[in-house]
Every structure is written in structure tokens, then in C-alpha cells.
Amino acid sequence: MSFARAGLRTLRSLPQTQVYRSSTILNQRRLISDEARKLIDTAVQTNPLVVFMKGTPEAPQCGFSRAVCQILDVQGVPREKIVSYNCLEDQELRSAIKEYSEWPTIPQVYVKGEFVGGCDIVLSMHQSGELETLLIKEGLAPPLADEEPAPKA
């Protein structure tokens, strides 16, 4: 509590123009261009599965992006259902997607317009079975075939 109060006192002691200038600079860094926001909005709202990654599903250029692609492959998601954006090809997209999701890392996975998470969350969901349930529910992965009953003797 005292740390926050000390910070507030420090802000109050600064000249108002300096506080305004610093706030403006910080806000400018946090803004996503209209073009980048529209690209991301359109991508996540019109495609059932979107992965913002480094590289492509066929040639990932980062271990975490590779892991997400491998998990989706293990889950049975056909490659044609994955819409991916290579963040290494577009520096604005690379920084904008982090701001858009308020998630600091790439890759980022979206299902039906909802941010699922990055590699660590996708891996955890895969291990718990939660990812499989989500992908089947949304029609992105085929359900597992039920085991045939053993023949009666």
C-alpha cells in the first residue's frame, strides 16, 4: 500500500505537462493501427481456427509455433482448417497481435473468435483433454471412433 501511495505522490509532484507528455507517449505505444486491428478482427471472427505464429504450419520457424502445429496435428485438425499468419513477415502484425490479445508471446491460437492462448496453454489443454473437447465441439477435429463392443460369446 505504501509503495502505491509513494508512486502517487511522485506523480503529483511532477509538472503536469511532463505527466501529460509521458502519458501520451505510453498511450501511443499501446495503440494498434486501425488497419492492423481490422485485419486481426476479420481473421479471428471469420475463421474458425486462427494461429498467429512464427513461420507457417508447413515450416514453423520457432519451437513454440512448431509445438502448437504438432498438437493440432495430433488432435486431427486438418491443415486446411488452420488459417495462419506469419508474424515474422509483418512487424506491425507481430506487435499488434500481442496488444490485441494482451498476451505477450507468439504463437497465439483463436477458436471461433475467442483467444485460447499460447503454446503453454494449448499444451496444458492438450494434456488435460480440454483441447480435444473444444476442437470436437467446434467441428475442427473429428471425434474419436468409439471402440467396437467385444463380440458376445
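Source: prediction; values computed, not measured.
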Quiz item: What do you reckon, are the aromatic ring centroids of Y110 and F52 less than 6.0 Å apart?
Solution: yes
Quiz item: Is there side-chain contact between V109 and L49, with heavy atoms separated by less than 4.5 Å?
Solution: yes
Practice problem: Compare every heavy atom of A141 with every heavy atom of V77, then report the nearest pair and how far apart it is. | Solution: CG2-CB, 4.1 Å
Quiz item: Heavy atoms, side chains only, cut-off 4.5 Å: are I97 and C87 in contact?
Solution: yes
Exercise. Scan side-chain atoms only and decide if Q75 and H126 contain a donor-acceptor pair under the 3.5 Å cut-off.
Key: yes
Exercise. Using a cut-off of 6.0 Å, state whether more than 12 heavy atoms not belonging to E35 lie near its atom CD.
Key: no
Quiz prompt | Min side-chain heavy-atom separation M125-L134 under 4.5 Å | solution = yes
Quiz item: Just by modelled atom types, is the C69 backbone N or O under 3.5 Å from a matching donor or acceptor in the D73 side chain?
Solution: no
Exercise. Identify the heavy atoms of P107 and V51 that sit nearest to each other, and give their distance.
Key: CB-CG1, 4.4 Å
Exercise. Kindly indicate whether the side chain of M53, heavy atoms from C-beta on, has any atom under 4.5 Å from the side chain of N86.
Key: no
Quiz prompt | F64 side chain near T105 side chain, heavy-atom distance below 4.5 Å | solution = no
Quiz item: Taking only residues two or more places apart in sequence or in another chain, which ones pass salt bridge (Lys or Arg N to Asp or Glu O under 4.0 Å) with E138?
Solution: K112
Exercise. Would you indicate whether the side-chain heavy atoms of K98 and W103 approach each other to under 4.5 Å?
Key: no
Quiz prompt | Note, L135 side chain near L72 side chain (heavy atom, < 4.5 Å) | solution = yes
